[in-house]
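Notes follow once the structure below has been shown.
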Amino acid sequence: MNAEQWNALHPVGTLVFAYPGCRPEDGTGTRLVTRTRTAAQLSASGDPVVWVEGEGAYIALTHVDPVSEEVWAEALAAEMAAEQAATCPTNPPGHDWGNGLACRWCKATRTPAEAIVSGLASRRGGDETSAQKLVDAYRAQILAEAKVETVDWLVKKASEYYSTGSKQHALQADAIGTLASKLDRGAVRAFIGTAHYRDAIDELTAEARTAAFEEAAAFFDGLADAETDQHGYRARVMRGAATDARRLNNGEAS
């Protein structure tokens with residue numbers, strides 16, 4: 001399946017099993033229970049690839065399998081249950097999390113999402129699958145609210161580039177406008193809190209902002225990778241836009 005066919009069937013955010021190394025039928029490797037965070041693109045080598053949450057590098061489409069929500073939720077719950085049931089080196093019955101993110105007996109830690117799922121599950125008869133669905137529903141609600149603010153920011157940024165009259169800035173503005181359009185259609189997700197939720201997710205703002213700018217940088221890098229002439233003007237402009245996104249992520253002026 002090529003990138004165009006993939007994108008027609010699978011929007012950004014599709015639930016997948018991804019294999020950064022070898023596929024299970026080819027040997028022992030890692031399986032990621034995750035979701036896509038970009039549209040499929042061509043790598044510099046010409047292979048169709050996609051980025052997924054929890055993995056920094058792109059993964060070939062041949063190593064990414066879309067799965068149903070039910071299969072994905074069951075696999076995630078099984079992974080989390082296995083991790084939480086792991087033997088604690090100083091407390092054989094298992095890790096003692098209390099209500100925190102660190103085991104009281106050893107140096108093991110868990111993510112906030114894992115703690116939320118575990119807490120909800122304990123209040124729902126141990127049903128981690130339904131607890132995970134509640135977390136995903138809350139996440140989707142925040143993303144829906146975030147989209148308006150993010151699109152407005154991108155449109156404003158594109159306007160600023162257009163207003164300079166620079167040919168290079170005009171190309172960057174076109175790329176930013178394309179990204180805004182994709183986001184508005186739901187083809188790209190951004191993880192930035194809105195005013196309505198800001199008080200509730202204040203502690204997650206930095207992580208959310210980082211994820212959004214990393215996705216923007218990956219988008220521009222993908223455009224550059226798709227250029228035939230990697231040293232040509234358009235490729236260099238797209239690389240510059242990716243650099244701008246990373247600078248904004250680091251709090252630097254663009």
Side-chain angles (χ1 to χ4, degrees), residues 1-14 16 18 20 34-64 143 146-147 150-192 208-250 252-254:
M1 181 180 295
N2 61 35
E4 184 177 355
Q5 292 169 331
W6 172 278
N7 293 333
L9 295 173
H10 308 297
V12 174
T14 293
V16 298
T34 182
R35 66 184 79 219
T36 60
R37 60 185 177 91
T38 68
Q41 304 166 17
L42 289 179
S43 67
S45 61
D47 297 316
V49 300
V50 71
W51 281 261
V52 301
E53 293 181 2
E55 176 67 21
Y58 59 66
I59 300 177
L61 292 187
T62 55
H63 286 54
V64 181
L143 288 173
K147 185 167 69 174
T150 309
V151 169
D152 286 347
W153 181 87
L154 288 170
V155 170
K156 178 181 177 182
K157 194 67 179 177
S159 297
E160 291 174 357
Y161 275 116
Y162 277 127
S163 67
T164 67
S166 163
K167 181 179 179 181
Q168 177 177 339
H169 283 172
L171 287 173
Q172 289 177 309
D174 287 342
I176 294 172
T178 299
L179 181 59
S181 176
K182 286 179 176 290
L183 176 61
D184 196 37
R185 298 197 311 270
V188 176
R189 295 187 181 187
F191 299 84
I192 299 177
R209 183 178 183 276
T210 295
F213 281 122
E214 285 179 351
E215 186 165 318
F219 174 80
F220 291 126
D221 279 337
L223 291 179
D225 287 341
E227 290 295 319
T228 303
D229 183 0
Q230 287 295 295
H231 300 288
Y233 181 71
R234 288 187 61 86
R236 286 187 286 110
V237 167
M238 293 305 105
R239 296 292 183 203
T243 298
D244 283 346
R246 294 187 177 97
R247 285 175 176 170
L248 287 168
N249 186 30
N250 293 328
E252 302 174 23
S254 62

Which pair of non-hydrogen atoms, one from [X] and one from [Y], has the smallest distance, and what is that distance?
{"X": "Ala175", "Y": "Leu223", "result": "CB-CD1, 4.2 Å"}
{"X": "Pro48", "Y": "Ala3", "result": "CB-N, 3.8 Å"}
{"X": "Ala173", "Y": "Ala158", "result": "CB-O, 3.5 Å"}
{"X": "Tyr161", "Y": "Gln172", "result": "CE2-OE1, 3.4 Å"}
{"X": "Thr34", "Y": "Ala18", "result": "CG2-CB, 4.2 Å"}
{"X": "His231", "Y": "Arg236", "result": "O-NE, 3.3 Å"}

Asp174 side chain to Tyr162 side chain, donor-acceptor N/O pair below 3.5 angstrom: yes
Any donor-acceptor N or O pair under 3.5 Å, side chains Ser43, Ser45: yes
Expected output: side-chain Arg35 to main-chain Thr14 donor-acceptor under 3.5 Å: no
Verdict with reasoning, Met1 to Leu9, per side-chain contact (heavy atoms from CB on, under 4.5 Å): CA-CA 11 Å; Met1 181 180 295; Leu9 295 173; 3.9 Å; yes
With sequence neighbours excluded, residues passing ring-ring contact (aromatic ring centres under 6.0 Å, His included) with His10: Trp6
Inter-residue atom distance Lys156.NZ - Ser159.OG, 0.5 Å rounding: 10.0 Å
Gap between atom OG1 of Thr62 and atom CG of Asp47 - 0.5 Å precision: 8.0 Å
From Val16, Val12, Asn7, Thr38, residue fulfilling side chain to side chain contact (heavy atoms under 4.5 Å, CB included) relative to Val50: Thr38
Electrostatic pair Asp221:Arg246 at N-O distance under 4.0 angstrom: yes
Evaluation steps, side-chain contact (heavy atoms from CB on, under 4.5 Å), between Ile59 and Val52: CA-CA 8 Å; Ile59 300 177; Val52 301; 3.9 Å; yes
Partner residues of Gln230 under the side-chain contact (heavy atoms from CB on, under 4.5 Å) criterion, sequence neighbours left out: Asp225, Glu227, Arg239
Crowding at CD, Glu4 (>12 non-hydrogen neighbours, <6.0 Å): no
Within-4.5 Å side-chain heavy-atom neighbours: Gln41 and Trp51: yes
